[in-house]
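What follows is one structure encoded as structure tokens, with my remarks underneath.
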Amino acid sequence: TADPNSHAVYVATDKGVYWTHFEFDNGARPDNLTWTNLSEGLPPVRAVDVALDPAAVQLYVAMDGYGLYGAAAPHRALELRLVNTADFSTRPASPGSLVSVLGEKVNSVSGGSLQYPLWNNSQIQVPFEAVGPSVSLSLETNNGRVTLGLPVKPVSPAIFVGSDGAAMIYDADSGLLLDARNTAHSNGRIQILATGLGKVRPEWPINLPTPLTNPPVVVAGVKAYLDGAPIEVSQATLAPGYPSGFYLVEVQLPAINNLGTSALYLTADGQESNRVQIVIEP
């Protein structure tokens, strides 16, 4: 598999996974390439397939007899690019949403007359005042100024996904993260950590944590779907105690569900989020 934008090439072989960087679109011959072995930490068996996600930021490898493995694709460090912080996709941003910078540390970010908050030299929050359809961002790096275009829509929902691929969904009563060992239950309440739900009421400064009580409410109409069927949304607000780029959507699971793994997603004013998995037991 390959990423044309960064000219990265990945190969699954009988001796593991390798990658290289090759300008394959200029007609040059791929002579004397340097291949880097990516198999450290993987089972000592043949790799039967390799793939990149649609945003070309996650690498997936199928290992014979062991299943599927995933990790951040190493070519991400070759170029400066912007992705959605929640799921590392290239979906548009929205007022209040979070965007991550890949490839280089950034010292400051501005767009037009607005200064964009920056955390850990890599995570940007889009001001609630930002207006699309596109914003020209000026990023100050150690190597100089870089200008990148950022698509901006009124809403662009995305559910946060952890480094292990599991969605950031919590039991509303215990506050514990849901996973294969701590599953959701029929008729239970869950809370979904998201970004990109747009403006809130009352307005809230982007440089302040959200209050623990009476957090600002999302203006857009937020809906949730489980295996394609609508489920009740109790509330959609900025996430209490978090920086204002994080949103929390609380939903009520039906009393009767398909047990096991189900697909969950959100919409905001009709715009769909990424689809994640949730395990439900009686």
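Quick note: numbers below take in every heavy atom, side chains included, and nothing from hydrogens, waters or symmetry partners. Small disclaimer: the values here were computed from a predicted structure and weren't measured.
For Asp269, the salt bridge (Lys or Arg N to Asp or Glu O under 4.0 Å) test picks out no residue, with sequence neighbours left out. Glu272 meets the salt bridge (Lys or Arg N to Asp or Glu O under 4.0 Å) test with Arg275; sequence neighbours excluded. With sequence neighbours left out, Ser108 forms a side chain to side chain contact (heavy atoms under 4.5 Å, CB included) with Gln115, Glu140. Listed by chain and residue number, Thr237 satisfy the side chain to side chain contact (heavy atoms under 4.5 Å, CB included) test with Val217 (two or more places apart in sequence, or in another chain). Listed by chain and residue number, nothing satisfies the side-chain hydrogen bond (donor to acceptor under 3.5 Å, both in side chains) test with Asp14 (two or more places apart in sequence, or in another chain). In this view, Ser174 and Asp171, Leu176 satisfy the side chain to side chain contact (heavy atoms under 4.5 Å, CB included) rule, not counting sequence neighbours. Not a single ring-ring contact (aromatic ring centres under 6.0 Å, His included) links Tyr60 to another residue, sequence neighbours left out. Evaluation of the ring-ring contact (aromatic ring centres under 6.0 Å, His included) rule for Tyr116 yields no partner, not counting sequence neighbours. Take Ser186 and apply the side chain to side chain contact (heavy atoms under 4.5 Å, CB included) test, not counting sequence neighbours, and it matches Asn257, Leu259, Ile280.
Of the possible donor and acceptor atoms, none in the side chain of His75 sits under 3.5 Å from a partner among the backbone N and O of Ala2. With Asn121 contributing its side chain and Val106 its backbone, the two residues share a donor-acceptor pair below 3.5 Å. At distances below 3.5 Å, at least one donor-acceptor pair connects side-chain atoms of Asp53 with backbone N or O atoms of Gln58. The closest donor-acceptor contact from the side chain of Asn274 to the backbone of Ile159 lies under 3.5 Å. At distances below 3.5 Å, not a single donor-acceptor pair connects side-chain atoms of Asn120 with backbone N or O atoms of Ser122. A donor-acceptor contact shorter than 3.5 Å links the side chain of Thr141 to the backbone of Gly144. In terms of modelled atom types and a separation under 3.5 Å, the side chain of His7 and the main chain of His21 share no donor-acceptor contact. A donor-acceptor pair is defined here as one N or O able to donate and one able to accept, closer than 3.5 Å; no such pair exists between the side chain of Thr1 and the backbone of Ala51. Put simply, the side chain of Thr85 gets close to the backbone of Ser100: a donor and an acceptor are under 3.5 Å apart.
Linking Ile, Leu, Val, Met, Phe, Trp and Tyr residues whenever their side-chain heavy atoms come within less than 4.5 Å places Ile192 and Leu178 in a single cluster. When hydrophobic clusters are built by joining Ile, Leu, Val, Met, Phe, Trp and Tyr residues whose side-chain heavy atoms come closer than 4.5 Å, directly or via intermediates, Val251 is grouped together with Val161. Ile190 and Val279 are members of different hydrophobic clusters when ILVMFWY side chains are connected at heavy-atom separations under 4.5 Å. Residues Val99 and Val152 are members of one and the same hydrophobic cluster, defined by side-chain heavy-atom contacts under 4.5 angstrom among Ile, Leu, Val, Met, Phe, Trp and Tyr. Under a hydrophobic clustering in which Ile, Leu, Val, Met, Phe, Trp and Tyr are joined whenever their side-chain heavy atoms come within less than 4.5 Å, directly or via other members, Val222 and Ile169 fall into the same cluster.
Across every non-hydrogen atom of Ala194 and Leu266, the tightest pair is CB-CD1, 4.1 Å. Smallest separation of non-hydrogen atoms from Ser156 and Ser94: N-CB, 3.7 Å. Across all non-hydrogen atoms, the minimal contact from Pro254 to Leu226 is CD-CD2, 4.4 Å. Closest approach of Pro282 and His185 over heavy atoms only: O-ND1, 2.8 Å. Here the closest heavy-atom approach between residue Tyr69 and residue Pro43 is recorded as OH-CG, 3.3 Å. Listed here is the closest heavy atom pair of Pro95 and Tyr247: O-OH, 3.6 Å.
Here side chain to side chain donor-acceptor pair (under 3.5 Å) pairs that include residues 210-230, with residues two or more places apart or in two chains, are Asp227-Ser262.
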Start with the C-alpha gap between Thr90 and Asn84, add the side-chain angles, then the distance that decides, and say whether side-chain contact (heavy atoms from CB on, under 4.5 Å) holds. CA-CA 6 Å; Thr90 55; Asn84 186 280; over 6 Å; no
Between Arg46 and Lys15, does a side-chain contact (heavy atoms from CB on, under 4.5 Å) hold up when you go through it step by step? CA-CA 5 Å; Arg46 69 188 183 101; Lys15 295 187 180 297; over 6 Å; no
If you apply the rule side-chain contact (heavy atoms from CB on, under 4.5 Å), what do you find for Val61 with Asp49, and how did you get there? CA-CA 6 Å; Val61 180; Asp49 200 3; over 6 Å; no
May I have the step-by-step check of side chain to side chain donor-acceptor pair (under 3.5 Å) for Gln252 and Ser234, ending in yes or no? CA-CA 7 Å; Gln252 175 72 47; Ser234 306; 5.2 Å; no
Residue pair Leu137, Thr147: steps toward the side-chain contact (heavy atoms from CB on, under 4.5 Å) verdict: CA-CA 6 Å; Leu137 290 188; Thr147 301; over 6 Å; no
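Side-chain contact between Tyr66 and Val45 is present, with at least one heavy-atom pair separated by less than 4.5 Å. Between Asp3 and Leu52, some side-chain heavy-atom pair lies under the 4.5 Å cut-off. Side-chain contact check for Leu82 versus Leu102: every heavy-atom pair is 4.5 Å or farther apart. When side chains are defined from C-beta on, Tyr10 counts as touching Pro74, because their heavy atoms get closer than 4.5 Å. Contact of the Glu203 side chain with the Pro216 side chain is not registered, since no non-hydrogen atoms from C-beta on lie closer than 4.5 Å. Contact of the Leu80 side chain with the Leu148 side chain is registered, since non-hydrogen atoms from C-beta on lie closer than 4.5 Å.
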When the side chains of residues 125-132 are checked against the rest of the protein, which donor-acceptor pairs come out under 3.5 Å, sequence neighbours left out?
unit_1: Gln125; atom_1: NE2; unit_2: Gly96; atom_2: O; d: 3.3
unit_1: Gln125; atom_1: NE2; unit_2: Ser244; atom_2: OG; d: 3.0

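Cluster partners of Trp119, by chain and number: Leu98, Phe160, Met168, Tyr170, Leu177, Leu193, Tyr242, Phe246, Leu248. The rule joins Ile, Leu, Val, Met, Phe, Trp and Tyr whenever side-chain heavy atoms lie under 4.5 Å apart.
Around the CD atom of Gln277, the shell of radius 6.0 Å holds no more than 12 heavy atoms that belong to other residues, nucleotides or ligands. Counting heavy-atom neighbours within 6.0 Å of Leu208 CG, excluding the residue itself, gives a total above 12.
Residue Val218 forms a side-chain contact (heavy atoms from CB on, under 4.5 Å) with just one option from Val249, Val233, Leu197, Leu238, and that option is Leu197.
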